[in-house]
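Quick caveat, the model's predicted, so the values are computed rather than measured. Letters go in sequence order (proteins before strands), and every chain restarts at 1.
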Amino acid sequence: MSKFYITTTLPYVNGKPHIGFALEAVQADVIARFERLRGKDVIFNIGTDEHGAKIYEKAKEEGITPQEYCDRMSKPFRALRETLDIHFTNFIRTTDEFHVRAAQEFWKRCADRGDIYKKNYRMKYCVGCELEKTDSDLVDGRCPEHPNRDLETVEEENYFFRFSHYRAALLRLYENDPKFVVPEKRLNEIVAFVDRGLHDFSVSRLAQKMPWGIPVPGDEAHVMYVWFDALVNYISTLGWPEDMDSFEKFWPGIQIAGKDNLRQQSAMWQAMLLSAGIEPSRKILIHGHVMSAGQKMSKSLGNVVSPDELIETFGIDGTRYLLLSAAPFGEDMDITKERMIEKYNADLANGLGNLVSRVMKLAEGMEEKYVPHVREFPNEFVSSFESYRLTEALDFVWSLVRRANKNIEETKPWELKKTDYESFERVLQELLFDIETIAFLLGPFLPHTSEKIFSFFSSEGGRSVLFERIR
RNA sequence: CGCGGGGUGGAGCAGUCCGGCAGCUCGCCUGGCUCAUAACCAGGAGGUCGCAGGUUCAAAUCCUGCCCCCGCAACCA
């Protein structure tokens, strides 16, 4: 059986799953389900990134161990399996023992290659927080928590990764596979970035200041910087390096990430793989960001929409649909409550739900039972999927809905039932076939709805409203 | 001269790579239907495709310049 591997990025466990990650998980899930439905052996990995200063600090604040904190914070991510029907096969935590071992082995390989070296690293440091601050942490050049204190510049000796050595190799990778990064504009962006020249990046922190990380092999004074450790999950989840048999079956795989992650996934991680002597990823899919009324969601703007809120209003499949259909793959999407309700009502309630409802009602009077077929995905649908045009695949389904509605209007089965019973049966068989096709094609997108429609075909399956209209 | 994205009927978007009658959803108007979730079907009004030049038989699409909006700016996981 052919193998397929897809993985999301690992969200950092400093909060509940936000809408951006929900989008990523749903997109990955749709692709994974599609591949599974067409018969592939699929590994679909998600998980949580659990090391680093932020987590260490939060745990300290709460008076619990970092591990306890992570155990708790990781749960809602694992629960996405139920809350959004994300059928991952692997859920990795960067605190998993096997991952820790893998990260250390990976480090050794890069070190053996001569790509890891020590150098002084200068950082901005807030004495109030006793923490390193990056530029994006700062507001007006000051720590938002302690705006009255000046930031100090602290130097410490860190290990660095020779990213700069991989410029040519990365450019070659992009050139050899122009679809390595999808969409194309993101490939262009990364090519331009790498072409400008690369700076080595720091891959460790002093354990004395920040102990919550994977120990650097052979140097207890340092822990790996979270980045380095977290990226390794994409291969450790497959068993690397301990179960090479499993690893080799599934690697390389497809990685999906937000546009904020373009560099890390398509350049830094690829350079790390090259350094460790491992084949690069198969493909990097870069999705857009979820905006709210034209603006980036942020806590300070108070325009954050949580997945929970959406699920409460639109249900699991409704939420999946709205996230998937809000923009073509790779583009930013703008969500507002009004427009979501509009889309939900138009496509799911009035479109799909109503069609199924009217056909099922008409079919009640049939003497001959409809026998479901074994279905295959049409070429057009498959090709939309293979180029990750998920909204196009959905449009294909909606065109079937429109066609069926039109067909009903033209043939008027409710009249045929009285005047020409034979034709009535024939028309209904056709319509039921359409419904079955629609349900099948929606399988990757709206798994629960798809199953529900299928259940209507079975003798004991009662009918129910698929999507209640929202006022 | 930092990088990238965008500006298309009232609203939200596709189409731009590979030029060829401007498309979709919502809303609005008219008609039809009554099997269905106040749904569904047909027809219609509404657009200088940001601005100005250029190339071409032909430009939303290619080239040049300009204006406006939005992200990112490397170790943020």
Side-chain angles (χ1 to χ4, degrees), chain A residues 9-14 48-55 94 121 123 132-138 158 160-161 163 183-186 188-190 192-193 196-203 205 225-231 233 257-265 267-268 288-289 291 294-296 325-328 330-336 338-339 341-343 345-365 389 391-392 395 398-399 401-402 404-417 424 428 431 465-471:
Chain A
T9 54
L10 295 198
Y12 201 57
V13 286
N14 59 357
T48 42
D49 180 4
E50 308 189 353
H51 291 119
K54 296 244 164 80
I55 288 164
T94 55
Y121 172 61
M123 64 175 90
E132 173 186 354
K133 294 284 160 181
T134 59
D135 286 343
S136 48
D137 287 332
L138 306 178
N158 279 177
F160 274 72
F161 176 77
F163 193 33
E184 197 183 359
K185 66 182 178 192
R186 303 264 95 106
N188 297 339
E189 197 176 331
I190 199 66
F193 167 70
R196 253 175 274 144
L198 303 173
H199 297 245
D200 294 350
F201 54 87
S202 145
V203 291
R205 289 293 181 271
Y225 187 51
V226 268
W227 259 120
F228 192 89
D229 132 39
L231 288 166
N233 95 84
K259 66 179 186 182
D260 55 321
N261 237 283
L262 174 69
R263 290 174 185 180
Q264 289 82 346
Q265 304 299 323
M268 292 158 78
H289 282 169
M291 315 284 279
Q295 283 178 304
K296 201 180 171 181
S325 62
E331 300 296 323
D332 285 349
M333 57 187 67
D334 192 9
I335 60 171
T336 65
E338 296 71 38
R339 255 178 271 135
I341 290 175
E342 200 177 282
K343 194 143 183 69
N345 282 337
D347 296 347
L348 298 180
N350 300 347
L352 177 65
N354 181 58
L355 173 70
V356 171
S357 176
R358 70 195 299 206
V359 172
M360 288 298 163
K361 184 69 192 292
L362 286 165
E364 269 178 358
R389 294 194 294 259
T391 49
E392 194 179 271
D395 283 342
W398 299 141
S399 75
V401 171
R402 270 191 296 277
N405 269 325
K406 194 168 183 171
N407 189 13
I408 296 176
E409 214 60 39
E410 282 165 3
T411 54
K412 303 191 195 307
W414 57 92
E415 280 178 17
L416 288 177
K417 194 172 177 180
F424 167 73
L428 260 290
L431 288 170
V465 170
L466 292 177
F467 296 99
E468 202 82 52
R469 211 184 142 82
I470 297 173
R471 265 172 283 273

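Within 4.0 Å of A:A349, counting heavy atoms only, lies at least one base atom of the nucleic acid. Among the protein residues, A:G353 comes within range of the nucleic acid bases, having at least one heavy atom under 4.0 Å from a base atom. Nucleic acid contact class of A:D260 (heavy atoms, under 4.0 Å, all strands): base. Backbone-only engagement by A:N350 is indicated by non-hydrogen atom pairs under 4.0 Å involving sugar-phosphate atoms exclusively. Note on A:L466: a base of the nucleic acid sits closer than 4.0 angstrom, heavy atoms only. A:G258 comes within 4.0 angstrom of nothing in the nucleic acid, heavy atoms only. Among the heavy atoms of the strands, none lies under 4.0 Å from A:L355. As judged by a 4.0 angstrom heavy-atom cut-off over every strand, A:K185 is placed among residues touching the sugar-phosphate backbone only.
Residues A:L466 and A:L348 fail the side-chain proximity criterion, which asks for heavy atoms closer than 4.5 Å. Side chains of A:S357 and A:V465 form no contact here, defined as non-hydrogen atoms less than 4.5 Å apart. A:F424 places none of its side-chain heavy atoms less than 4.5 Å from the side chain of A:T411.
Here the separation of B:C33 from B:A38, taken at their C1' atoms, is 14 Å to the nearest Å. For the P atom pair drawn from B:A73 and B:C67, the interatomic distance equals 25 Å after rounding to whole Å. Taking atom P in both B:C3 and B:U48, the straight-line distance is 35 Å, to the nearest Å. B:G15 and B:G47: their C1' atoms are spaced 15 Å apart (whole Å). For the P atoms, the distance linking B:C57 with B:C69 amounts to 38 Å, nearest Å. Using atom P as the reference point in both B:A74 and B:G2, the two lie 15 Å apart (nearest Å). Annotation: B:U16 and B:A22 have their C1' atoms spaced 13 Å apart (nearest Å). B:C49 and B:A59: their P atoms are spaced 11 Å apart (whole Å).
In this entry the distance linking CZ of A:R196 with P of B:A74 reads 11 Å, nearest Å. Separating the CD atom of A:E392 from the C1' atom of B:A14 is a distance of 10 Å, rounded to the nearest angstrom. Rounding to whole angstrom units, CG of residue A:N188 and P of B:C3 are separated by 14 Å. What separates NZ of A:K259 from C1' of B:G6 is a distance of 10 Å, to the nearest Å. Here the C1' atom of nucleotide B:C17 and the CZ atom of A:R186 are 16 Å apart, to the nearest Å. Here the C1' atom of nucleotide B:A11 and the NZ atom of A:K343 are 14 Å apart, to the nearest Å. Nucleotide B:A74 holds its P atom 22 Å from the CZ atom of A:F228, rounded to whole Å. The interatomic distance linking A:L262 (CG) with B:A74 (P) rounds to 15 Å, in whole Å.
Contact annotation: A:K406 reaches the phosphate of B:A42 (side-chain N/O to OP1 or OP2, under 4.0 Å).
A search for salt bridge (charged side-chain N to carboxylate O under 4.0 Å, His left out) contacts involving A:E364 returns A:R463, not counting sequence neighbours. Under the salt bridge (charged side-chain N to carboxylate O under 4.0 Å, His left out) criterion, A:R358 pairs with A:E409, not counting sequence neighbours. Under the rule for a salt bridge (charged side-chain N to carboxylate O under 4.0 Å, His left out), the partners of A:K259 that lie at least two apart in sequence or sit in another chain are A:D332. Take A:Q264 and apply the side chain to side chain donor-acceptor pair (under 3.5 Å) test, not counting sequence neighbours, and it matches no residue. Contacts of A:D347 classified as salt bridge (charged side-chain N to carboxylate O under 4.0 Å, His left out), with partners at least two apart in sequence or in another chain: A:K343. Checked against side chain to side chain donor-acceptor pair (under 3.5 Å), A:R402 has no partners two or more places apart in sequence or in another chain. The side chain to side chain donor-acceptor pair (under 3.5 Å) test applied to A:T48 returns A:E50, A:S74, not counting sequence neighbours.
Scanning all heavy atoms of the two residues, the minimum distance from A:P413 to A:L431 falls at CG-CD1, 4.5 Å.
Expressed to the nearest 0.5 Å, how far CZ of A:F193 lies from CZ of A:R263 amounts to 4.5 Å.
Along RNA chain B, the nucleotide nearest to A:A346 and the one nearest to A:G351 differ in position, and the one closer to the 5' end is contacted by A:A346. RNA chain B is contacted by both A:E410 and A:F163; A:E410 maps to the nucleotide lying nearer its 5′ end (nearest heavy atom per residue).
Listed candidates were B:C40, B:U25, B:A74. Nearest to the side chain of A:N354 is B:C40.
Counting only Watson-Crick or G-U wobble pairs whose defining distances are both under 3.5 Å, the stems of 3 or more consecutive pairs in RNA chain B are B:2-7 with B:67-72, B:10-13 with B:23-26, B:28-32 with B:40-44, B:50-54 with B:62-66.
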With the sugar-phosphate defined as primed atoms, P, OP1 and OP2, and the base as all remaining atoms, what B/S/- string results for nucleotides 28-35 of chain B, 5' to 3', for protein heavy atoms under 4.0 Å?
-> ----BSSB
